[in-house]
K.L.:
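This is the structure, below, for whatever I ask next.
Sequence lines set the chain letters: A, B, ... in the order given, protein chains first and strands last, and positions in each chain run from 1. Keep in mind that this is a model prediction, so the values were computed, not measured.
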Protein chains: 2
Amino acid sequence: MKFMHAVAAVTAIALSSSAMAQAKPEQLIKWRQSVMQVQGWSMARIKANVEGTYNKDQVIQAANILHATADGGLGSLYTAGSEKGSGWHDTQTKPELFTDGEKVREVAMTFSKEANELVRVAATGDAAAVKAQFGKVGQACKGCHDKFRVEEKK
Amino acid sequence: MKFMHAVAAVTAIALSSSAMAQAKPEQLIKWRQSVMQVQGWSMARIKANVEGTYNKDQVIQAANILHATADGGLGSLYTAGSEKGSGWHDTQTKPELFTDGEKVREVAMTFSKEANELVRVAATGDAAAVKAQFGKVGQACKGCHDKFRVEEKK
């Protein structure tokens, strides 16, 4: 089931003729940069919870957002023609993302798997287990960033 | 259950002493502007599906993102001190959002209720029913924007 979710999420990349194909590259880039921010917010919330006062509801909310976006068909935001351009800022996506389908599938499925597991663990309210799984989700984020994201200029 | 979700989402506004209270206003504003974009993306996807070729999986993905963000504790992004400032751009949040708790609660609960219902309808794959519920979600978005969002300068 989880596997199928990930497959559905990733195969959206192939759907360049999808319903959203008419969106302009600038809009697609803005949307994907926004998704990354929302995922960053969710990760920051969980980090604050596992390092500070633990609030089970907050962690569940953040995990659900990570899960929904991980399985949300993000691939449809990386259509041909959006390799270059600017949304909120210049795209940081490397050209390889648009050509290395096998690796994209791999990092996307890892992220989906770990985010799904985070939702499961968050429901238990076990802060230590959440902390451990949070680390795995962070590694999944990093796995994609290392491969497909241009480093931010400092 | 749905009601409780909404309450959990809304009461986060009161938690100015929450784990995320240390985030800078600029970051909070960037995050909330990003959430709005991600919701806009999800709405655009559903619109494209109900007006064009219907893809059940895409609609479910988009509905799940709307649901997860609607119940995601967005109130924690509107803490005291973030009334003014700039994230991706100047905040469009009206000052009333920070003072009119009763109305905020009302619009947030309406959005939560309609997004939850959208998830339920999306699972049926009934395009006509999704179109109708999509309209109700759009009204919920508008209900909040009309009350609490400064119009974009053209």
K.L.:
Report the distance from atom CD of Gln39(A) to atom CH2 of Trp31(B), rounding to the nearest 0.5 Å.
P.N.:
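Here the interatomic distance stands at 13.5 Å.
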
K.L.:
When heavy-atom pairs shorter than 4.5 Å are enumerated against chain A, which of Asn64(B), Val35(B), Thr69(B), Leu77(B) gives the highest number?
P.N.:
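Among the listed options, the one with the most contacts to chain A is Leu77(B).
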
K.L.:
Find the distance between CG (Asp57(A)) and CG (Asp71(B)) and round it off to the nearest 0.5 Å.
P.N.:
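It comes to 11.0 Å.
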
K.L.:
Is there a chain of hydrophobic side chains (I, L, V, M, F, W, Y, each step under 4.5 Å between heavy atoms) that links Leu74(B) to Met36(A)?
P.N.:
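Yes, same cluster.
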
K.L.:
Using the rule that Ile, Leu, Val, Met, Phe, Trp and Tyr join whenever any side-chain heavy atoms are under 4.5 Å apart, tell me whether Val121(A) and Val119(A) fall into a single cluster.
P.N.:
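In one cluster: no.
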
K.L.:
Is it the case that more than 12 heavy atoms not belonging to Lys136(A) sit under 6.0 Å from its NZ atom?
P.N.:
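No, NZ of Lys136(A) has 12 or fewer neighbouring heavy atoms, counting only those of other groups under 6.0 Å.
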
K.L.:
Could you report the tightest heavy-atom contact between Ser34(A) and Gln37(B), atom names first, then the distance?
P.N.:
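Smallest interatomic distance, heavy atoms only, reads OG-CB, 3.2 Å.
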
K.L.:
Side-chain contact, heavy-atom cut-off 4.5 Å: Ser76(A) with Trp41(B)?
P.N.:
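Touching, per the 4.5 Å side-chain cut-off.
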
K.L.:
Taking salt bridge (charged side-chain N to carboxylate O under 4.0 Å, His left out) as the test, write out the residues that go with Glu51(A), two or more places apart.
P.N.:
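Glu51(A): salt bridge (charged side-chain N to carboxylate O under 4.0 Å, His left out) contacts with Lys47(A).
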
K.L.:
For Lys142(B), what residues pass the salt bridge (charged side-chain N to carboxylate O under 4.0 Å, His left out) criterion, not counting sequence neighbours?
P.N.:
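Salt bridge (charged side-chain N to carboxylate O under 4.0 Å, His left out) list for Lys142(B), sorted by chain: Asp146(B).
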
K.L.:
Do the ring planes of Trp88(A) and Trp88(B) sit parallel (below 30°), tilted (30 to 60°) or perpendicular (above 60°)?
P.N.:
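Trp88(A) vs Trp88(B) ring planes: parallel.
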
